[in-house]
Amino acid sequence: MSLRAVKGMKDILPDEISKWHRLETAFRQRVERYGFREVRFPIVEPTALFVRSIGETTDIVEKEMYTFTDRGEKSLTLRPEGTASAVRAYVQHSIQAKEPVTKWYYLGPMYRRERPAKGRYRQFYQAGIEVFGDPGPYVDAEVIDMVVGFISSLGITDVEVLVGSIGGPRTRERYRDALLTYLAPHRAELCSDCQRRMDANPLRVLDCKVPRCAEIAAEAPSMLQYLTDDDRAHFEGLQEALTLLGTPYRVEGSLVRGLDYYTRTLFEVLGKGEGLGAQNALLGGGRYDQMVESLGGPDTPAIGFAMGLERLLMAMPDEGAGSHVDVFIVAAQPEVRAQAALLGRELRDAGLRVESDLRGGSLKSQLRRADKMNARIAMILGESEVEQGVVQLKDLREQTQEQVPRPQAADRARALLQT
RNA sequence: GUGGGUGUAGCUCAGUGGUAGAGCACUGGAUUGUGGCUCCGGGAGUCGCGGGUUCAAAUCCCGUCACUCACCCCA
């Protein structure tokens, strides 16, 4: 097979799709209860949108974007995440002039050219929300509480919720200086990546897994000690609200996200169950109070998160395979196949999900097919049934069979399906 | 970008120098127009690809491609 789906991208076949539907509808229902409304953005955006919002020195922008030139003119990029598009749309349509607080949700594929692994794909699906116009911290807590409740409603119970704060620009500047002052004497002991990080984005040193770097990072001053009074009040307000809501969480002082646009609140939910592989971050999010303005809009606070749907799917318990067929129609003789098609249309018009095998075949093979499809009911139609205007209605689960006048077949089937 | 693992039937895999296999799936049958269980039968594979060694290669050697897992980073 020489033509395959490209590396890191995969087909989702009908057998898997019901789990996706279950996840997606659960998400929609949950966030709509909180007043969120769906938005859809283009999959392709101007490259500059991501460079300016996500940050020039991030891994995403430096090496993971699918960027191409549109017929020799504009540089376009397949979206690597959703927040940048949301902000662009918010600004472009002057939403701030229409309502003081905006709550949006979205769902769709994202693209990053990384090396694939379990739970990490080049085309992957995210569901996310954004709130514009509310500075928090109570909305921050509500959003975190909402998503934690959502995840648990999926049957995913073994999770850890991390929250942190990186403060606003002033906090970050102060902390950056303090961190560099602390790291400078250790520079030579750090791994080469971290030495590079010191210049590009010192906060990332805190996240390094190289043992010696981790030791040094553990002794580093905590971001939380450098929060300005306002930033500290915000973070404390968040924690009070979370405690009141009963949302379990752990404060993680060194939470660092791979996107530069965050301010103040940061959070992350880690899955701890089996089957997730090494990619156990189910969702990540935070506040980005500067981004709307920096993309040309008015000064507008905002917060959001995005969840990886494949990872949620991996962490979700499996449910028994349902059936996609209510009634399977069996033609007892080849001569009645047209009649079988007609009966099928009658039942479908009545709202039933109906399958049949119009190729014919033996009665036995057609019934076998009905069973394989996990149909609850088989309706058998032969020459004598057609003459008498009836069908044999067989309940495949209860192993019972009755003769029903054809005009009542749909109602009778529906009644059986309720049991 | 770095490292490991694996490529044999649609799927999961066994087969380490001598005729290509199993289970599941698919399909036909076990006397009249009745599924599941059981039994019998059937179709199905350039053994990833290219080269080399050998009388003989799925098996040994070299190369290559693909998939996969981990690191990095993230969702």
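Just so it is clear: chains get the letters A, B, ... in the order the sequence lines come, proteins before strands, and each one is counted from 1.
Between A/F305 atom CZ and B/rC74 atom C1' the separation is 17 Å, expressed in whole Å. At whole-Å resolution of the value, CZ in A/F124 and C1' in B/rC73 are 12 Å apart. Atom CZ in A/R112 sits roughly 18 Å away from atom C1' in B/rG1 (whole-Å rounding). Rounded to whole Å, the distance from CE on A/M314 to P on B/rU68 is 13 Å. Remark: C1' of B/rA75 and NZ of A/K118 are 15 Å apart, rounded to the nearest angstrom. Separating the CD atom of A/E268 from the P atom of B/rC73 is a distance of 13 Å, rounded to the nearest angstrom. Taking atom CD of residue A/E310 and atom C1' of nucleotide B/rA75, one finds them 8 Å apart after rounding to whole Å. The CG-C1' distance, from A/L276 to B/rC69, rounds to 15 Å in whole Å.
Across residues 383-402 of chain A, A/S384, A/E385, A/Q392, A/K394, A/L396, A/Q399, A/Q401 each have a non-hydrogen atom less than 4.0 Å from an atom of RNA chain B (numbered order). Of the residues in residues 358-373 of chain A, A/S362, A/L363, A/K364, A/S365, A/L367, A/R368, A/D371, A/K372 come within less than 4.0 Å of RNA chain B through at least one heavy atom, sorted by number. Sorted by residue number, the list of members of residues 144-164 of chain A with any non-hydrogen atom under 4.0 Å from RNA chain B is empty. If you check residues 27-34 of chain A against RNA chain B, you find no residue with a heavy atom closer than 4.0 Å.
Within the shown strands, B/rG10 is the pairing partner of B/rC24 under the Watson-Crick or G-U definition, both distances less than 3.5 Å. Base pairing analysis places B/rG63 opposite B/rC49; the two distances defining the Watson-Crick or G-U wobble pair are each below 3.5 Å. Across every strand in view, B/rG3 sits in a pair with B/rC69 that passes the Watson-Crick or G-U test at under 3.5 angstrom. Across all strands shown, B/rU38 is found opposite B/rA30 as a Watson-Crick or G-U wobble partner, with both distances under 3.5 Å.
For the pair A/A5 and A/L381, both in contact range of RNA chain B, the more 5′-proximal nearest nucleotide belongs to A/L381. Where A/M307 and A/A375 each meet RNA chain B at their nearest nucleotide, the meeting point lying more 5' is that of A/A375.
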Go through it in stages, so that I can follow the logic: the residues are A/E64 and A/Y66, the test is side chain to side chain donor-acceptor pair (under 3.5 Å), and I'd like the CA-CA distance, side-chain angles, deciding distance and then a yes or no. CA-CA 7 Å; A/E64 296 175 359; A/Y66 281 101; over 6 Å; no

Apply side chain to side chain donor-acceptor pair (under 3.5 Å) to A/Q408 and A/R412, showing your working. CA-CA 6 Å; A/Q408 287 149 44; A/R412 183 68 191 125; over 6 Å; no

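Nucleic acid contact class of A/Y121 (heavy atoms, under 4.0 Å, all strands): base. Using a 4.0 Å heavy-atom distance criterion, A/G119 is classed as a base contact. At a threshold of 4.0 angstrom between heavy atoms, the contacts of A/L309 with the nucleic acid are absent.
Comparing the same atom, P, in B/rG48 and in B/rU6 gives a spacing of 13 Å after rounding to whole Å. The separation of B/rU64 from B/rC73, taken at their P atoms, amounts to 29 Å, rounded to a whole angstrom. Comparing B/rG41 with B/rU34, their P atoms are spaced 24 Å from each other, to the whole Å. Separation of the P atoms belonging to B/rC62 and B/rG4 is 14 Å when rounded to the nearest angstrom. Of the P atoms belonging to B/rG33 and B/rG43, the separation is 28 Å, rounded to the nearest Å. Between B/rA9 and B/rC24, the two C1' atoms lie 12 Å apart (nearest whole Å). Separating the C1' atom of B/rG15 from that of B/rC47 is a span of 11 Å, rounded to the nearest Å. Atom P of B/rG7 sits at a distance of 9 Å from the matching atom of B/rC13, rounded to the whole Å.
Under the side chain to side chain donor-acceptor pair (under 3.5 Å) criterion, the residue pairs touching residues 164-178 of chain A are A/T171-A/D231, with sequence neighbours excluded. Sorted by first and then second residue, the salt bridge (Lys or Arg N to Asp or Glu O under 4.0 Å) pairs involving residues 368-377 of chain A (not counting sequence neighbours) are A/D357-A/R369, A/R376-A/D395. Identified under the salt bridge (Lys or Arg N to Asp or Glu O under 4.0 Å) test for residues 301-312 of chain A, with sequence neighbours left out: none.
Taking the ring centroids of A/F267 and A/Y249, they lie at or beyond the 6.0 Å cut-off.
Applying the ring pair (Phe, Tyr, Trp, His ring centres under 6.0 Å) rule to A/Y106 yields the partners A/F41; only residues at least two apart in sequence or on another chain are considered. Contacts of A/S153 classified as side chain to side chain donor-acceptor pair (under 3.5 Å), with partners at least two apart in sequence or in another chain: none. Residues that satisfy the side chain to side chain contact (heavy atoms under 4.5 Å, CB included) test with A/A370, not counting sequence neighbours, are A/F328, A/L396. Legend: residues meeting ring pair (Phe, Tyr, Trp, His ring centres under 6.0 Å) with A/F36, ordered by chain and number and at least two apart, are absent. For A/F132, the ring pair (Phe, Tyr, Trp, His ring centres under 6.0 Å) criterion is met by A/Y90, A/W104, not counting sequence neighbours.
Side chain of A/T263 to backbone of A/D289: a donor-acceptor contact under 3.5 angstrom is found.
The side chain of A/A278 approaches B/rC71 more closely than any other nucleotide in the set B/rC74, B/rG33, B/rC71. Distances from the side chain of A/R115 to the nucleotides B/rG3, B/rC74, B/rC67 place B/rG3 closest.
Side chains of A/Y288 and A/E130: a donor-acceptor N/O pair is present below 3.5 angstrom, by distance only.
No more than 12 heavy atoms of other residues, nucleotides or ligands sit less than 6.0 Å from atom CD of A/E56.
For the pair A/K103 and A/Y34, the NZ or CZ position fails the cation-pi test of under 6.0 Å to the six-membered ring centre and within 45 degrees of the ring normal.
Tested against A/R406 for a salt bridge (Lys or Arg N to Asp or Glu O under 4.0 Å), the candidates A/E346, A/E385, A/E387 yield a single pass: A/E346.
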